[in-house]
Amino acid sequence: AAAARLLYGGVAWQLAALVRGFREAVPPDVLEGVRLTPNQLATAVCGTADGGSAADFCIRDTFRLVRGNLEGSEPLADCLWRVLEGWGGADKRRFVKFVTGSDRLPAPGSEVITVQLAHAEIGTAPKVTLGTLPQAHTCDNLVRVPKPLDPPLLTLDP
């Protein structure tokens, strides 16, 4: 009786709003045409059951990686991916949360992570930022990394 009172009396309007919003974003006829099972829909919306926050995974297999505006800076992008792949599962998961806003992993290859050089608008011309921290834009799965200092303070041997 308490569960029924809470579910139907207290939050029914919230559940109804959630259902209406979901049906606006994904009309029922679209779902019928795709024939997703409830588990497949849950995976598409919430990510995969991936072994927990410390389980290791390969970023390159999980995400499609895009180099954004790094033309001519391929060594920087390659170095970033090598560093990320050297991390343990928990650290990779923190990176994923930093970039995407969620520590849940998507279905393999279904999401993109884009890396760009950070710019600061000064006056009318953008200037590349130096010595700043990386920034993330979780709506777009975008990481903006600062331009490396020239000469670099730290070198990475292959």
Side-chain angles (χ1 to χ4, degrees), residues 1-71 73-74 76-122 124 126 128-129 132-147:
R5 186 178 71 244
L6 287 173
L7 182 61
Y8 298 113
V11 296
W13 67 272
Q14 293 167 323
L15 291 173
L18 180 68
V19 168
R20 274 194 315 276
F22 183 81
R23 288 188 175 151
E24 267 189 45
V26 184
D29 58 323
V30 170
L31 284 178
E32 289 173 16
V34 199
R35 303 276 187 219
L36 291 175
T37 67
N39 286 339
Q40 290 169 327
L41 179 60
T43 298
V45 172
C46 300
T48 60
D50 49 31
S53 63
D56 201 5
F57 62 97
C58 178
I59 288 181
R60 290 177 190 253
D61 292 343
T62 306
F63 293 92
R64 290 178 288 139
L65 307 174
V66 178
R67 288 185 172 156
N69 65 354
L70 294 176
E71 297 86 18
S73 297
E74 288 78 11
L76 175 63
D78 292 338
C79 181
L80 174 66
W81 300 130
R82 278 199 334 258
V83 167
L84 290 174
E85 286 301 333
W87 287 356
D91 288 331
K92 287 180 193 174
R93 192 65 58 114
R94 284 190 280 276
F95 173 77
V96 167
K97 187 167 187 173
F98 173 68
V99 176
T100 68
S102 173
D103 61 356
R104 302 267 328 238
L105 299 180
S110 66
E111 290 287 332
V112 172
I113 290 180
T114 303
V115 177
Q116 292 183 346
L117 287 176
H119 288 83
E121 296 292 331
I122 299 174
T124 57
V128 176
T129 58
T132 62
L133 295 173
Q135 306 166 6
H137 299 272
T138 56
C139 290
D140 300 318
N141 294 354
L142 174 69
V143 178
R144 291 198 171 156
V145 294
K147 184 176 190 243

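We number each residue from 1, following the sequence as shown.
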**Request:** Hey, could you give me the CZ/CD1 distance between Arg60 and Ile113, rounded to the nearest 0.5 Å?
**Result:** 11.5 Å
**Request:** Can you see which heavy atom on Val99 is nearest to which on Ala136, and at what distance?
**Result:** CA-CB, 4.0 Å
**With sequence neighbours excluded, residues passing side-chain contact (heavy atoms from CB on, under 4.5 Å) with Gln40** = Leu36, Thr37
**Euclidean distance, Gln135 CD relative to Phe98 CZ, rounded to 0.5 Å** = 8.0 Å
**Asked** What distance separates Asp103 CG from Phe95 CZ, expressed to the nearest 0.5 Å?
**Response** 14.0 Å
**Prompt:** What are the two closest heavy atoms between Leu84 and Lys92, and how far apart are they?
**Reply:** O-CE, 3.3 Å
**Asked** Are the side chains of Pro106 and Thr62 in touch, meaning some heavy atoms are under 4.5 Å apart?
**Response** yes
**Message:** Working note: Val145 + Val115, criterion side-chain contact (heavy atoms from CB on, under 4.5 Å); need CA distance, chi angles, decisive distance, verdict.
**Reply:** CA-CA 7 Å; Val145 294; Val115 177; 4.1 Å; yes
**Worked check of side-chain contact (heavy atoms from CB on, under 4.5 Å) between Val19 and Phe22** = CA-CA 5 Å; Val19 168; Phe22 183 81; 5.8 Å; no
**Asked** In Å, rounded to the nearest 0.5 Å, how long is the span from CZ of Arg93 to CD1 of Ile59?
**Response** 10.0 Å
**Prompt:** With no hydrogens and no angle check, is any side-chain donor or acceptor of Arg144 less than 3.5 Å from a backbone partner on Gln116?
**Reply:** no
**Asked** Listed by chain and number, what are the salt bridge (charged side-chain N to carboxylate O under 4.0 Å, His left out) partners of Arg94, not counting sequence neighbours?
**Response** Asp91
**Prompt:** Quick check: are there more than 12 heavy atoms from other residues, nucleotides or ligands sitting under 6.0 Å from CD of Gln14?
**Reply:** yes
**Asked** Side chains of Val112 and Asn141: closer than 4.5 Å at any heavy-atom pair?
**Response** no
**Asked** Could you give the distance from CD (Glu111) to CG (Leu65), rounded to the nearest 0.5 Å?
**Response** 12.0 Å
**Message:** Taking atom CZ as the centre, does Arg23 end up with more than 12 heavy-atom neighbours from other residues, nucleotides or ligands that are less than 6.0 angstrom away?
**Reply:** no
**Request:** Over all heavy atoms of both residues, which pair between Thr100 and Ser102 is shortest? Give the atoms and the distance, please.
**Result:** OG1-O, 2.9 Å
